[in-house]
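The structure presented is a predicted model; accordingly, all values stated were derived computationally and were not measured. Note that these values count all heavy atoms, side chains included, but never hydrogens, waters or copies made by symmetry. For ligands, and for the atoms within them, numbers begin at 1 and follow the listed sequence.
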Amino acid sequence: MRFTLSLVLLLLFLCQCSSNDSNLIPQSCKEASNSSPNVSYDICVSTLEANISKKNPPTKLKDLVGISIQITKTNGTNIIANILKLLNNQTFSQHTKACLKDCSRIYKGSISTLNDAIVAFKSKDFGTANIKLSAALDSSVTCEDQFKLNKGEVSPLTKENKVYFQLNAISLAFVHKFNH
Ligand SMILES: *[C@@H]1O[C@H](CO)[C@@H](O)[C@H](O)[C@H]1NC(C)=O
Ligand SMILES: *[C@@H]1O[C@H](CO)[C@@H](O)[C@H](O)[C@H]1NC(C)=O
Ligand SMILES: *[C@@H]1O[C@H](CO)[C@@H](O)[C@H](O)[C@H]1NC(C)=O
Ligand SMILES: *[C@@H]1O[C@H](CO)[C@@H](O)[C@H](O)[C@H]1NC(C)=O
Ligand SMILES: *[C@@H]1O[C@H](CO)[C@@H](O)[C@H](O)[C@H]1NC(C)=O
């Protein structure tokens with residue numbers, strides 16, 4: 001009885017250890033934040049940890065690329081929905097509304113750019129994946145800049161743009177490792 005219990009515990013222990021490739025995320029995020037000033041280690045780890053399947057955790061950097069682009073796409077979709085909500089709100093100036101519409105268009109384009117990045121990465125065309133991800137990263141900057149053209153205009157999307165920038169920077173830093 002006691003022997004069986006010990007055996008079960010031992011097996012559980014071994015199982016835990018062998019399934020613990022869970023260094024992948026911290027390790028990859030560490031390298032990403034070292035290689036790019038645009039990547040925050042903490043955001044990288046927490047975002048990925050929150051979005052991986054615990055049952056079927058990723059084992060390779062390649063998997064993390066797909067996951068991080070997917071997270072970015074989901075986030076972009078959320079941002080577009082957010083913009084729509086803001087536009088239905090009558091409290092903005094004409095200029096802010098026009099900027100919000102531009103941003104909505106920019107983000108829609110950026111999601112299709114991310115789809116292109118996924119296709120390129122899967123076909124091992126890392127150069128193209130890199131270009132597409134850079135373009136998606138720039139989208140957030142372009143959106144934010146719209147509001148600055150008018151003095152005193154406050155962007156209601158600053159936080160979203162920062163997050164989107166961050167998420168793309170993570171994918172970009174991961175893909176860089178394949179590009180060398
Ligand atoms: C698995 O790895 C993580 C991160 O490296 C560590 O914190 C944890 O203690 C490890 N678990 C086991 C059972 O070794
Ligand atoms: C960091 O972001 C800037 C845009 O603000 C971009 O021009 C630059 O290429 C990025 N660097 C890396 C390493 O991704
Ligand atoms: C990432 O995790 C958050 C919080 O757990 C969740 O709301 C979101 O849907 C996840 N995104 C993806 C692409 O799985
Ligand atoms: C994604 O987008 C939503 C809405 O813009 C935002 O609140 C959230 O913080 C973003 N981040 C992630 C990791 O999904
Ligand atoms: C519209 O904006 C105001 C002020 O920013 C906010 O209090 C209100 O909740 C918003 N309404 C909707 C429907 O989002």
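The presence of a protein heavy atom under 4.0 Å from atom 7 (O) of ligand 2 is ruled out.
C44 meets the disulfide bond (SG atoms under 2.5 Å apart) test with C29; sequence neighbours excluded.
A salt bridge links D145 with K148: the distance from a Lys NZ or Arg NE/NH1/NH2 to an Asp or Glu carboxylate oxygen falls below 4.0 Å.
Nearest protein neighbour of atom 13 (C) of ligand 2, counting heavy atoms only, is S36 OG, 3.7 Å. Here the protein heavy atom with the shortest distance to atom 4 (C) of ligand 2 is F165 CE1, 3.9 Å.
Here's the thing with N38: one of its N/O atoms is less than 3.5 angstrom from an N/O atom of ligand 2.
In this structure, a donor-acceptor pair under 3.5 Å is absent between the side chains of Q166 and S40. Looking only at atom types and distance, the side chain of N75 has no donor-acceptor partner in the side chain of Y107 under 3.5 Å away.
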